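Here is how names work: the chains are called A, B, and so on, in the same order as the sequence lines, proteins then strands, and each is numbered from 1. Quick caveat, the model's predicted, so the values are computed rather than measured.
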Number of protein chains: 2
Amino acid sequence: MNSNQEVIRRLSRYRNVMRKMKALGLIKVFSDNLADAVGVSPSLVRKDFSMFNLTGNKRGGYRIDDLVSKLNVLLGKDKKQKIIIVGCGKLGQALMNHNGFPRVGIRVVAGFDSDPEVLNSEAPIPILHIKKIREFIEENQIRVATLTVPEPAAQGMVDTLKKTCVKGVINFSPVSLKSSEDFLVHNMNIEQEIENLFYNIHFAETTVVKVQ
Amino acid sequence: MNSNQEVIRRLSRYRNVMRKMKALGLIKVFSDNLADAVGVSPSLVRKDFSMFNLTGNKRGGYRIDDLVSKLNVLLGKDKKQKIIIVGCGKLGQALMNHNGFPRVGIRVVAGFDSDPEVLNSEAPIPILHIKKIREFIEENQIRVATLTVPEPAAQGMVDTLKKTCVKGVINFSPVSLKSSEDFLVHNMNIEQEIENLFYNIHFAETTVVKVQ
DNA sequence: TAGATTGTTAATCGATTAACAATC
DNA sequence: TAGATTGTTAATCGATTAACAATC
């Protein structure tokens, strides 16, 4: 049972680096190159690959083309990844227009809200009334949603989504919701990240707290 | 030397839970309660506290009041945490209006951009021209910024900020920038988070990949 | 007091790194 | 071939957990 989230994140980063290398005309890459680019050790790069049976050539490194396309399959990037935006306030709308998505094969197919003002705004991507969400999800076989609703609505929305074929959400509200076996929640807690940064700045430069 | 980011994140979560408990009228809390709320083991809660010399009473648990105020000092929440928003596109503007911030003592004091249209829009928080950023930072002793500029501008902006008293940024652009000793970067990579979620959904339900 | 919970030590677990044989 | 790099094993490191004496 492999449940280490970090490996997958690293694979995704290796892939991004390799895609850029490829754009520069490079053909091969060594574990050393990827290690430098991503900031990990070469051993770890090789170990990560070997865990997923991604092999290279002794002496010759890895073929970028080959590795990228294997990673695509592994990470599900060979298919378009459709998502919906639940809650089209400022943050939701920012995500709808986020230009980092198309580049990596993520497609926002619809937004949902209940505020009539938002519903009438014209957007390149349809914003539908929240009451249509279950129907839409089933028809379009949506698996992933972003949760950008006000905090009090977050848990209720999760309960609704659990009844559909959505299997996970990225939660931007400040309540940290819990994952369960069949419904994954990834919390993007901006406040917490900022607090953490302040801590690291302030106390990392002062002395270290610790112990033992 | 204590460099474990996770401990700090957990402390912050314990604090949030306790503030809610306090609002409910509770006075004491046991490691068991916090463990349940945050989803970790009671041992870990006690260990985390003990690492920072946060003590309770054998048999009596921890006094919420006491612990919250000690955590406030530890996490720097006893002072207002001022931040600036660098790049006031959709995402930057969403952050400027993010109502999760005031509640946790984070204050957005200004935004910066170069687009005249954005500069003229009226916002409750001033949006200034990017050329005034260094002056503003020094005058207001800003330590933390969010980086919500288009990807190509991100690295350049970091280089500018490094020349000021800003000591760290939350980077929302899809390039993952590297931290250095005296300038911390926390990457909030939304795309990566979504990719990761797709992976977990798709392949966690299929079989597990592997190994040893 | 008896019972329950902390604080801490030792054991466990898992991830990363170092090292090196295999081999291109 | 000689040299360099992979793939993998064993060693290390660090974080989490279990256990329990101290004690309220």
Find the distance [X]:[atom1] to [N]:[atom2] and express it as a whole number of Å.
X	N	atom1	atom2	answer
B:Gln5	C:dA15	CD	P	19 Å
A:Leu44	D:dT12	CG	P	19 Å
B:Glu6	C:dA15	CD	P	14 Å
A:Arg63	D:dT5	CZ	P	17 Å
B:Leu34	D:dT17	CG	C1'	17 Å
B:Phe30	C:dG3	CZ	C1'	12 Å
A:Arg46	D:dT5	CZ	C1'	7 Å

Are any of [X]'s side-chain N or O atoms less than 4.0 Å away from OP1 or OP2 of [N]?
X	N	result
B:Ser43	D:dA18	no
A:Ser41	C:dT16	no
A:Tyr62	C:dC24	no
A:Arg59	C:dA21	no

Check: Which of these passes side chain to side chain contact (heavy atoms under 4.5 Å, CB included) with A:Ile106: A:Lys80, A:Lys82, A:His98, A:Lys77?
Finding: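 Of the listed options, the one satisfying the test is A:Lys77.
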Item checked: Residue of the set A:Val86, A:Asp113, A:Leu91 for which side chain to side chain contact (heavy atoms under 4.5 Å, CB included) holds with A:Val149 ->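 So the option named by the test is A:Val86.
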Checklist line | Which residue lies more 5' along DNA chain C, comparing B:Leu54 with A:Asp48 via nearest heavy atoms | finding: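 Result: B:Leu54.
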Next item on the list: Compute whether any side-chain donor of one residue and acceptor of the other, for B:Asn57 and B:Tyr62, lie under 3.5 angstrom apart.
Entry: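 No.
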Next item on the list: In plain terms, say whether B:Asp65 and B:Lys22 are close enough for a salt bridge, that is, a side-chain N and a carboxylate O under 4.0 Å apart.
Entry: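 Salt bridge flag = yes for B:Lys22 with B:Asp65.
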Checklist line | Donor-acceptor pair under 3.5 Å, A:Lys58 side chain vs D:dT6 base | finding: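 Yes.
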Next item on the list: Test B:Arg107 against B:Phe101 for side-chain contact (heavy atoms from CB on, under 4.5 Å), laying out the working first.
Entry: CA-CA 6 Å; B:Arg107 202 167 111 233; B:Phe101 287 157; over 6 Å; no
Note to self: With a 4.5 Å cut-off on side-chain heavy atoms, are B:Leu67 and B:Tyr14 touching?
What the structure shows: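 No; the side chains remain at least 4.5 Å from each other.
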Note to self: Could you walk me through whether A:Glu193 and A:Asn189 satisfy the side-chain hydrogen bond (donor to acceptor under 3.5 Å, both in side chains) test, starting with their C-alpha distance in whole Å, then the side-chain angles of each, then the deciding distance to 0.1 Å, before giving a yes or no?
What the structure shows: CA-CA 6 Å; A:Glu193 215 52 47; A:Asn189 195 327; over 6 Å; no
Margin query: Once pairs are restricted to Watson-Crick or G-U wobble with both distances under 3.5 Å, how does DNA chain D read as a dot-bracket string, [ ] for crossings and | for other-strand pairs?
Written below: ..||||||||||||||||||||||
